Protein chains: 2
Amino acid sequence: MVRARISDVAAAAGVSVTTVSLVMNDVESRIPEQTRQRVRDAARAVGYAPSSVARGLRTQQTRTVGLISDQIATTPFAGRMLAGAQDAARESGHLVFLVNTDGDAAIERDAITALSAQQVDAMIYACMWHRVVEAPEGLPASTVFLDCRPEGGGFRSVVPDDRAGGLAAVRELVAAGHRRIAFLDTDDAPIASTLRYDGYVEALTEADIPVDPALRVAGDTSAHGGRAAFDRLLDLPDDQRPTAVFCFNDRMAVGVYTAAHHRGLEIPRDLSVVGYDDQQLIAAEQDPPLTTVALPHYAMGRWAMEVALGVRAEGDEDAAHLMECPVIRRGSVGPPPAQVAKPNRRRASHTERLP
Amino acid sequence: MVRARISDVAAAAGVSVTTVSLVMNDVESRIPEQTRQRVRDAARAVGYAPSSVARGLRTQQTRTVGLISDQIATTPFAGRMLAGAQDAARESGHLVFLVNTDGDAAIERDAITALSAQQVDAMIYACMWHRVVEAPEGLPASTVFLDCRPEGGGFRSVVPDDRAGGLAAVRELVAAGHRRIAFLDTDDAPIASTLRYDGYVEALTEADIPVDPALRVAGDTSAHGGRAAFDRLLDLPDDQRPTAVFCFNDRMAVGVYTAAHHRGLEIPRDLSVVGYDDQQLIAAEQDPPLTTVALPHYAMGRWAMEVALGVRAEGDEDAAHLMECPVIRRGSVGPPPAQVAKPNRRRASHTERLP
DNA sequence: GTGAAAGCGCTAACAG
DNA sequence: CTGTTAGCGCTTTCAC
């Protein structure tokens with residue numbers, strides 16, 4: 001089936017192409033309703049759909065957006081970010097070109113070229129982990145950075161408020177009565193971990209709890225890494241062992257669960273734990289379900305798209321927009337044990353708890 | 001900065017636009033290298049990049065593909081599928097429009113209209129779960145269905161070979177010596193679960209093991225569902241209890257781990273388990289790591305794109321292309337216990353095993 | 001109220 | 001070997 005053109009509609013309706021264009025675009029003009037209807041009927045009859053390509057060439061506006069992302073396959077976060085951006089784009093009648101670079105600079109360069117050639121109306125440069133990136137050459141100045149900030153600024157950007165997230169997480173623990181709170185850190189995510197640690201320190205400070213460097217241990221960001229690191233804390237003498245731990249992420253928190261269980265410690269009775277990321281498949285399915293801090297991926301994606309499209313006026317080139325990370329309360333936080341539990345001693349009062 | 005046009009390059013190089021076009025597109029023509037170089041230099045000098053929009057209008061080929069997907073935010077699989085499609089598109093110089101419909105029919109309709117208006121060269125209709133879908137109106141006949149098949153056929157499609165996957169999974173268990181093998185089923189994924197069950201039956205049959213209906217139990221697809229369902233099997237008398245279980249998916253397998261641990265059963269010493277999906281964050285991080293069957297999302301995405309773009313000639317409109325699901329061997333399968341382990345009895349020979 | 005015509009930036013006959 | 005020119009399908013002045 002060959003596409004119907006605007007001239008086909010004009011011929012069918014017995015009017016000029018100008019009239020058809022005016023009617024199709026609802027341009028304010030005093031074309032009588034009768035004519036409009038005739039045009040619309042003709043359009044439907046010939047199966048007319050205007051060509052965005054021709055319109056784009058004429059108006060120099062394509063109603064398309066380019067979204068360049070460094071990863072997409074390897075993280076469960078990508079989808080929510082894309083969904084947010086997507087929804088915002090759709091709401092204002094735009095289509096999005098998605099390019100996954102896998103961190104390859106050559107692919108990235110080509111993508112920028114191709115997207116520019118397509119004359120996208122806006123561009124978003126996204127990362128799947130909050131970090132500082134060197135802005136690639138050739139990006140339009142109006143590009144919005146998503147979940148990353150360009151080194152040296154110069155672009156609008158949105159990132160999670162990891163400091164406030166860490167603060168909220170630890171406040172949760174402080175409010176439950178804990179005073180010996182550990183921070184399960186990592187060296188694999190410099191920006192995010194530093195900010196979360198800052199929040200941790202702030203929460204302790206406002207509660208007049210001294211920051212004990214011994215309670216900060218680091219591991220890699222996996223469950224295994226979390227377990228190995230936290231095990232070192234469990235080796236501490238009873239009166240120095242933490243009664244609660246704030247973990248850099250949910251996966252490490254899973255390692256804490258394992259380490260605790262192997263010592264006969266029950267969560268949250270003997271140990272409270274808070275994670276970060278709110279990974280559905282992990283946090284919600286633990287036993288007990290993990291209290292954690294959610295990363296606002298959907299909201300960030302939406303914000304970036306709205307700013308890129310000019311729907312939202314916000315966005316400062318010199319300061320990243322900070323997006324709130326809400327605490328998701330589940331079952332892994334409780335009051336501290338009256339007396340620190342002895343390792344390897346199973347309690348008789350053990351109550352089963354299903355996920 | 002205003003875009004440079006082809007005429008700018010022509011003027012700068014002192015040639016006609018034809019020459020520039022010929023050079024830029026490497027058209028076979030006897031333009032001397034000297035001229036070619038002059039044109040290329042001029043193009044670089046004025047910062048020329050050809051407009052895909054204008055070219056698209058002229059050639060009626062946009063080098064873009066539309067990918068409509070029912071979900072993207074809520075599944076960890078989406079990314080791999082997109083990555084596969086993406087990579088194939090990039091390799092043949094195409095850009096992909098991604099549209100996430102969230103299963104909303106109105107959004108889907110609009111997406112098809114918008115994508116057609118953009119004159120995409122090809123279209124892919126993707127689902128995130130293997131199933132049969134009603135093909136929406138307006139899809140071009142050349143559309144390729146990804147991880148789903150259209151009711152009534154008529155389109156090319158690619159889906160995982162769930163039957164063969166189930167067969168391979170259970171063969172794994174049979175090869176380890178098991179004869180009482182359970183199937184942890186679900187009612188939430190009709191197509192996939194039926195096919196996997198078919199594979200299960202086939203594996204048992206070829207090993208002359210009778211199919212025992214009592215060893216098939218169903219639950220919802222979560223860890224909780226898996227645990228609840230499998231618990232019923234653990235209630236069976238010792239000599240009827242399965243020594244191995246093939247689970248519909250990895251999440252349910254996690255429930256099996258939990259159920260087993262609560263009875264003092266150790267995996268794989270007392271119970272062997274095989275999952276399905278190979279969800280990285282789940283399967284690989286269990287203790288012991290879960291042996292499972294991988295869903296070939298990347299390969300399916302790539303296949304669909306290659307077929308849609310005509311890079312690959314395969315693809316039958318009347319039969320879905322079946323993609324192999326490889327077994328990923330990890331640590332959850334072992335020989336059956338010499339004698340069925342008694343529930344709630346901890347063995348002394350317990351050896352610790354880290355993830 | 002409606003139409004003619006120019007032109008968006010490019011490719012590809014066709015001439016020369 | 002290179003240039004002239006006619007559109008691709010649409011929007012938008014400007015005339016009538």
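By convention in this document, chain letters (A, B, ...) are assigned in the order of the sequence lines, proteins followed by strands, and residues within each chain are numbered from 1. Just so we're clear, the structure is a prediction, and the values are computed from it rather than from any experiment. For the numbers below, each heavy atom of this structure counts, side chains included, while hydrogens, waters and symmetry mates do not.
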Please confirm whether the shortest side-chain N or O distance from Thr35(B) to OP1 or OP2 of dT2(D) is below 4.0 Å. yes
dG1(C), OP1 or OP2 - any side-chain N/O from Gln34(A) closer than 4.0 Å? no
Using only side-chain N and O atoms of Thr18(A), determine if any of them is under 4.0 Å from OP1 or OP2 of dA4(C). no
Result of checking Asp147(A), Asp70(A), Asp162(A) against Arg131(A) for salt bridge (Lys or Arg N to Asp or Glu O under 4.0 Å): Asp70(A)
Identify which nucleotide among dC10(D), dT4(D), dT11(D) has an atom closest to any side-chain atom of Val17(B), counting heavy atoms from C-beta outward. dT4(D)
Nearest-nucleotide wise, let me know which of Arg58(B) and Ser21(A) is further upstream toward the 5' end of DNA chain D. Arg58(B)
dT11(C) OP1/OP2 closer than 4.0 Å to side-chain N/O of Gln61(B): no
Select one nucleotide: of dG3(D), dC10(D), dT2(C), the one nearest the side-chain heavy atoms of Ile31(A). dT2(C)
Under 4.0 Å, heavy atoms only, any strand: does Val15(B) hit a base, just the sugar-phosphate, or nothing? sugar-phosphate
How about Ser51(A) and Gln119(B): does a side-chain donor come under 3.5 Å of a side-chain acceptor? yes
Hey, does the side chain of Ser51(A) come within less than 4.0 Å of dG9(D)'s phosphate (OP1/OP2), counting only N and O? no
Examine the side chains of Gln86(B) and Tyr298(B) and answer whether a donor and an acceptor come within less than 3.5 Å of each other. no
